[in-house]
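Structure first, then comments.
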Amino acid sequence: VLSSDHWRALCAEVVDRADLLDDARFATNEDRVEHRAVLEPLLEELARTRARLAALEGSGIDRQGRGLAAIDLEAVTAVAQDLRQPIAAIRDHIGLLLGETVGPLEGMQRTLLTRVGSSTENLTTLMGDLLQLTEIGTESLSREVRPTDPVACLEQALLQVGDSIRARRLTFHTDLPHDLPSALADQDALTRILVHLLRNAIAACPEAGSIYVAARVHAGDPSEGGDFLTLSVADTGPGIPGDRLGDVFHRRAQDEAIPGVGETGVGLAIVRRLSEALGGRVWLNSEAGSGSTFTLLLPLAAPSGGSSPAL
């Protein structure tokens, strides 16, 4: 059982230890070694708790096709919301210390703080994924789908992942037709799908690799829903073995890592659930050594407008 009180105590202790890293009382090597010995178990506890939360997410995915229906969604949401404040406090303190606003840092101090910062960023992402899964599970995606500009959604997604693309020196390519028509979707949900696909591609690519985003319009049978749009996100990573392709969208956090998949949590499971909620689907093409391409299919909005079906 995850206790928010336990998390508050743990986060407060990590912040206190991070503050002490900049304290003049730890000027000697002996003091730094002793302090590091205290901080290391806290970092390990953060990692263990992250794993427990990830396992909680994974335990509900695809259970009888009901998302997280098998667990107490209200309790999970409350825990996730409750964790945001202490995690934000850790992140803010670390930012102040790394910015040396309260004094200079030495090499080991900066290394330790960077590690704590990395853990808090991972936890922040995990909290967001958890809340998305509970949102899908409680059917709060009940807003009406409507004509949605896929290019605008891509631009919003790039605002969220652009720093990561630049940090890894990746080349970003687009192949988007002029006057790309609107898809029948929800802007927030489509943006989230693209964020998860781009994060996966970023992590899958080697340093200085490439990401390719393309869009195509296809003519469809009116009796089967009419014309449709495909959006693809491709990476130049190592590719995914054929015997693991079926596991990618059903991944659970406690599973072993899948070679060639950059997403280590449940982001791609969220992609599949959101795609289906929008009346579309997503699939994957990949071969070991040849990178991977994730393709999202969505119905096109009718040119004449009209009513939109609910998700």
Evaluate the criterion side-chain contact (heavy atoms from CB on, under 4.5 Å) for residue pair Leu197 and Val271; output intermediate values, then yes/no. CA-CA 8 Å; Leu197 290 178; Val271 166; 4.1 Å; yes
Out of curiosity, Phe294 CZ to Glu263 CD, how far, rounded to the nearest 0.5 Å? 9.5 Å
Using side chain to side chain donor-acceptor pair (under 3.5 Å) as the criterion, list what pairs up with Arg216, not counting sequence neighbours. Asp175
Do you know which two heavy atoms are closest between Thr171 and His173, and how far apart they sit? CG2-NE2, 3.1 Å
Taking distance alone, no hydrogens or angles, what donor-acceptor pairs closer than 3.5 Å link side-chain atoms of residues 157-164 to residues at least two apart or in another chain?
unit_1, atom_1, unit_2, atom_2, d
Asp163, OD1, Arg166, NH2, 2.6

Working to the nearest 0.5 Å, report the span between CG of Leu198 and CD1 of Ile193. 12.0 Å
Separation between CZ (Arg192) and CG (Leu274), nearest 0.5 Å, reads 5.5 Å
Side chains of Leu184 and Leu278 in contact at under 4.5 Å (non-hydrogen atoms): no
Among Ile, Leu, Val, Met, Phe, Trp and Tyr joined by side-chain contacts under 4.5 Å, find the other residues sharing a cluster with Leu297 and list them by chain and number. Phe228, Trp283
Roughly how far apart are Thr174 OG1 and Leu154 CG, rounded to 0.5 Å? 7.5 Å
Considering residues at least two apart in sequence or located in another chain, which fulfil the salt bridge (charged side-chain N to carboxylate O under 4.0 Å, His left out) criterion with Glu287? none
Taking only distance into account, with no hydrogens and no angle test, what donor-acceptor pairs under 3.5 Å do side-chain atoms of residues 231-239 form with protein atoms, sequence neighbours excluded?
unit_1, atom_1, unit_2, atom_2, d
Asp235, OD1, Gly237, N, 2.9
Asp235, OD1, Ser292, N, 3.3
Thr236, OG1, Ser210, N, 3.0
Thr236, OG1, Ser210, O, 3.3

Heavy-atom pair with the smallest gap, counting every atom of Phe249 and Leu268: CD2-O, 3.4 Å
To check you understand the geometry: which heavy-atom pair defines the closest contact between Asp243 and Asp247, and what is its length? O-OD2, 4.3 Å
Backbone of Cys205 reached by a side-chain donor or acceptor of Arg168 within 3.5 Å: yes
Considering all heavy atoms, the nearest Pro150-Pro181 contact: CD-O, 3.7 Å
Which residues share a side chain to side chain donor-acceptor pair (under 3.5 Å) with Thr230, sequence neighbours left out: His218
Hey, does the side chain of Asp227 reach the backbone of Gly220 with a donor-acceptor pair shorter than 3.5 angstrom? yes
Can we say Glu207 and Arg169 salt-bridge, meaning some charged N sits less than 4.0 Å from an Asp/Glu carboxylate O? yes
Would you say that Asp149 contacts Leu180 through its side chain, given a criterion of any heavy-atom pair below 4.5 Å between the two side chains? no
To the nearest 0.5 Å, what is the distance between SG (Cys153) and CG (Leu194)? 6.5 Å
Closest non-hydrogen atom pair between Leu300 and Ser182, with its separation: CD2-O, 3.5 Å
For Thr148 and Gln187, the nearest pair of non-hydrogen atoms, with its separation, is CG2-CA, 3.7 Å
For the hydrophobic clusters of this structure (ILVMFWY residues joined by side-chain heavy atoms under 4.5 Å, transitively), does one cluster hold both Tyr212 and Ile165? no
